[in-house]
Amino acid sequence: MKDNYFDNPNTDEDRKVRAQKKKKSSAGKVFFIILGMIIIALAAFVGTIKVVSPDFDIKGFVIQKVSSVIEKNTEAETTEAETEPSGVSETTTETTTVTTTEPTTYSPVEYLPIEDFKVSEAKKGNQLGNILNGGYVGCDMSYVYHIVNGDGIYRFEPQTESYSRIYKTADKLSSLNLRGVYLYFVNNRDNKLYRLEKTSQKAKAIAENVKTAYVYDNRVYYVTKDNRLCCMKTDKLNETELYNSVDENMTLLGVSLKRVFFTLDNVYGGMKYMTVDIEGKEKTQEFREPSSVGKVLRPVMENGYLYSYVLNEKGNYSLVRQKYGSQKTATLIKKVSNTSVYPVVDRNRLFYSALKDGRFDFMELNMNSGKTKIMLSQGGVAKSNTLVIQHGEGYDFIIGKRNTEGKGKKVYAASGIYTGSTNVMRFKDGEWSY
């Protein structure tokens, strides 16, 4: 036997050598186990950092090879699949390069948590599409309020179809919002933003030089005639300027719980997409690439989705929907015949207009089923019209002029959503009639 002391007098020394080798082997195993645990812990740490701070520079923090592996895993986990409504086609748009998989070009506002867009329908002063189309109609839980230019503001009771004028003025009004016990509107003669108690006939001016106003929760967002974006809390009524644009025309786009979004049209006709926090404490940033002249028309944002008319390969415009921060778009209407009116969104319904053979149609799209139907129609309409659509919960409106020339071509029509497009009410000389 080799290990017999008498046969091999060096047995003790050999055992010591084997023991040392075994000890080194065990130490090596422990080292690799600890190294593996460190790598796993580092991956978890970096994953957390990537979620909290997407623009964090991983490469400057860990070994290059480990960094590349961690980034790939993190990117795969943070990319969300988008669910689109049935009945519509899904395409990949070239109007934006927004991505969640390029940390080196990541902007903090290109992708925001969907929780930021969980706005409450009950806290909206109106639908953004209504406001951008003039803001002539708004609703609360009981009534439909509507502006009649040169006459004032009327309150319509849907159950009985009774109505009355609650505010009298010969001026033109716009941007009607309803929130709590107040109505908000813009007087287009003196360009002031007013607030009116529903039980009063005396309005109070709360801001000057206003072009467009929108109310959500306890804040009023408004764009001035000289392209300033401002915010005002409804309790204190103190103005905060969020952004000032000198040479570019500004249009309100939408709001989230923490931010306000708007577009800027430059002198060459291109459009930039901007956002700023509602406190005005952060630097204003672009949240997607600008669009070239005529590429995107009438964008409006509701509940974290951007709706707009996008120029397609055939030279027509498609009405599309795009989730904030996603590269994918859902084509809602492949070819639209009228792009002069902003789309209006109310929950799972999308409202838009169609113009064909002299007929202007108020259209509804069910974004769940993909089905469309005509809600209201107006004949004898020229291409050069000023007609807009207004959605008033239980009633839909067409308001404006059938052409931009001559007199006697005004339209002020409405129809209940349950009565059919042929059962039309018309407003004239202070009265509604069928």
Hey, are the side chains of Leu229 and Leu252 touching, using non-hydrogen atoms and a 4.5 Å cut-off?
yes
Determine the minimum heavy-atom distance between Cys139 and Val144, stating which atoms define it.
SG-CG2, 3.9 Å
With sequence neighbours left out, which residue pairs that include part of residues 124-135 fulfil the salt bridge (charged side-chain N to carboxylate O under 4.0 Å, His left out) condition?
Glu121-Lys124, Lys124-Glu302
Side-chain donor/acceptor of Ser308 to backbone N/O of Val310, under 3.5 Å
no
Tell me, do Asn366 and Asn348 make a side-chain contact under 4.5 Å, heavy atoms counted?
yes
Thr275 side chain to Val260 backbone, donor-acceptor under 3.5 Å:
yes
Is a side-chain N or O of Asn130 found less than 3.5 angstrom from the main chain of Gly138, in a donor-acceptor match?
no
Is it the case that the side chain of Tyr222 and the backbone of Leu193 share a donor-acceptor pair, with hydrogens and angles ignored and the cut-off at 3.5 Å?
no
Nearest non-hydrogen partners of Val344 and His391, listed with the distance:
CG1-CB, 4.0 Å
Find the distance between OH (Tyr352) and CD (Glu364) and round it off to the nearest 0.5 Å.
9.5 Å
Taking C-beta and beyond as the side chain, do Val109 and Arg259 meet within less than 4.5 Å on heavy atoms?
yes
Assess the residue pair Lys401 and Asn385 against the criterion (side-chain contact (heavy atoms from CB on, under 4.5 Å)); give the C-alpha distance rounded to whole Å, side-chain angles, the decisive distance to 0.1 Å, and a yes or no.
CA-CA 6 Å; Lys401 293 182 179 180; Asn385 66 83; over 6 Å; no
Ring-ring centroid check His146 Phe427, cutoff 6.0 Å
yes
Determine whether more than 12 heavy atoms belonging to other residues, nucleotides or ligands lie under 6.0 Å from atom CD of Gln201.
no
Would you say Ser175's side chain and Ile131's backbone share a donor-acceptor pair under 3.5 angstrom?
no
Run the side chain to side chain contact (heavy atoms under 4.5 Å, CB included) test against Glu248 and tell me which residues pass, sequence neighbours left out.
Ser245, Leu264, Asn266, Lys272
Single hit among Phe360, Phe397, Tyr342 for side chain to side chain contact (heavy atoms under 4.5 Å, CB included) with Ile389
Phe360
Evaluate the ring planes of Tyr143 and Tyr145, with Trp represented by its six-membered ring, and classify them as parallel (under 30°), tilted (30 to 60°) or perpendicular (over 60°).
perpendicular
Mind checking side-chain hydrogen bond (donor to acceptor under 3.5 Å, both in side chains) for Ser353 and listing every partner two or more places apart, or none if nothing turns up?
Asn338
If I take atom CE from residue Met271 and atom CG from residue Asn249, how far apart are they, to the nearest 0.5 angstrom?
9.5 Å
When every non-hydrogen atom of Tyr216 is compared with those of Ser120, the smallest separation belongs to OH-N, 2.8 Å
Would you please test Thr234 and Val220 for side-chain contact (heavy atoms from CB on, under 4.5 Å) and show each step?
CA-CA 7 Å; Thr234 55; Val220 186; 3.8 Å; yes
Within the 6.0 Å centroid threshold, strictly below: Tyr324 and Phe261:
yes
In the structure I gave you, are the side-chain heavy atoms of Asn303 and Arg347 within less than 4.5 Å of one another anywhere?
no
N/O donor-acceptor pair under 3.5 Å between Asp171 side chain and Asn187 backbone:
no
Using a 6.0 Å cut-off, check whether atom CG of Asp247 has over 12 heavy atoms from anything other than its own residue.
no
Pairs in or reaching into residues 170-189: which pass ring-ring contact (aromatic ring centres under 6.0 Å, His included), with residues at least two apart or in two chains?
Tyr167-Phe185, Phe185-Tyr194
Which atom names give the shortest non-hydrogen contact between Met363 and Ala354, and what distance separates them?
CG-CB, 4.0 Å
Heavy atoms of other groups near Tyr418 OH, more than 12 under 6.0 Å
no
Between Gln390 (side chain only) and Tyr136 (backbone N and O only), is there a donor and an acceptor less than 3.5 Å apart?
yes
Quick one: list whatever passes side chain to side chain contact (heavy atoms under 4.5 Å, CB included) with Ser433, sequence neighbours left out.
none
Using the rule side chain to side chain donor-acceptor pair (under 3.5 Å), only one of Gln327, Arg288, Lys328 pairs with Gln322; which is it?
Arg288
Just so I know, are the side chains of Lys314 and Lys335 near enough to count as touching, which here means a heavy-atom distance under 4.5 Å?
no
Search all heavy atoms of Pro299 against all heavy atoms of Thr263 and return the closest pair with its distance.
CG-CG2, 4.3 Å
Please check if the side chain of Asn218 supplies one atom and the backbone of Lys233 the other of a donor-acceptor pair under 3.5 Å.
no
Only pairs at least two apart or in different chains count here, so list each salt bridge (charged side-chain N to carboxylate O under 4.0 Å, His left out) that has a residue in residues 421-434.
none
Polar side-chain atom of Arg298 near backbone of Thr339 as donor-acceptor pair, under 3.5 Å
yes
Does anything in residues 126-154 pair up under salt bridge (charged side-chain N to carboxylate O under 4.0 Å, His left out), and if so which pairs, sequence neighbours excluded?
Asp140-Lys198, Asp151-Arg165
Using atom types as modelled and distance alone, determine if a side-chain donor or acceptor of Asn177 lies under 3.5 Å from a backbone N or O of Val215.
yes
Can you tell me how far apart NZ (Lys409) and CG (Leu387) are? Round to the nearest 0.5 Å.
12.0 Å
Residues that Glu197 engages under salt bridge (charged side-chain N to carboxylate O under 4.0 Å, His left out), provided they are two or more places apart:
none
Tyr317 pairs by side chain to side chain contact (heavy atoms under 4.5 Å, CB included) with which of Val296, Leu311, Ile333?
Leu311
With Ser318, which residues qualify under side chain to side chain contact (heavy atoms under 4.5 Å, CB included), at least two apart?
Asn312, Val320, Thr331
Do Leu350 and Leu319 have side chains that get closer than 4.5 Å, going by heavy atoms?
yes
So, taking the atom named OG in Ser174 and the one named CG in Leu132, what distance separates them when rounded to the nearest 0.5 Å?
11.0 Å
Are any of the side-chain heavy atoms of Leu183 and Ile166 separated by less than 4.5 Å?
yes
Hey, are Asn209 and Thr224 close enough side-chain-wise for a donor-acceptor pair under 3.5 Å?
no
Identify, with sequence neighbours excluded, every residue that meets ring pair (Phe, Tyr, Trp, His ring centres under 6.0 Å) alongside Tyr395.
Phe156
Can you confirm whether Met274 sits close enough to Met250 that some side-chain heavy atom of one is under 4.5 Å from a side-chain heavy atom of the other?
no
Leu306 side, atom CG; Thr329 side, atom OG1 - distance, nearest 0.5 Å
10.5 Å
Suppose we screen for side chain to side chain contact (heavy atoms under 4.5 Å, CB included). Which residues come up paired with Ser377, at least two apart in sequence or across chains?
Arg359, Asp361, Ile374
Under the salt bridge (charged side-chain N to carboxylate O under 4.0 Å, His left out) definition, can you give me all pairs with a residue in residues 216-231, not counting sequence neighbours?
Arg179-Asp217, Arg219-Glu279, Arg228-Glu239, Arg228-Glu241
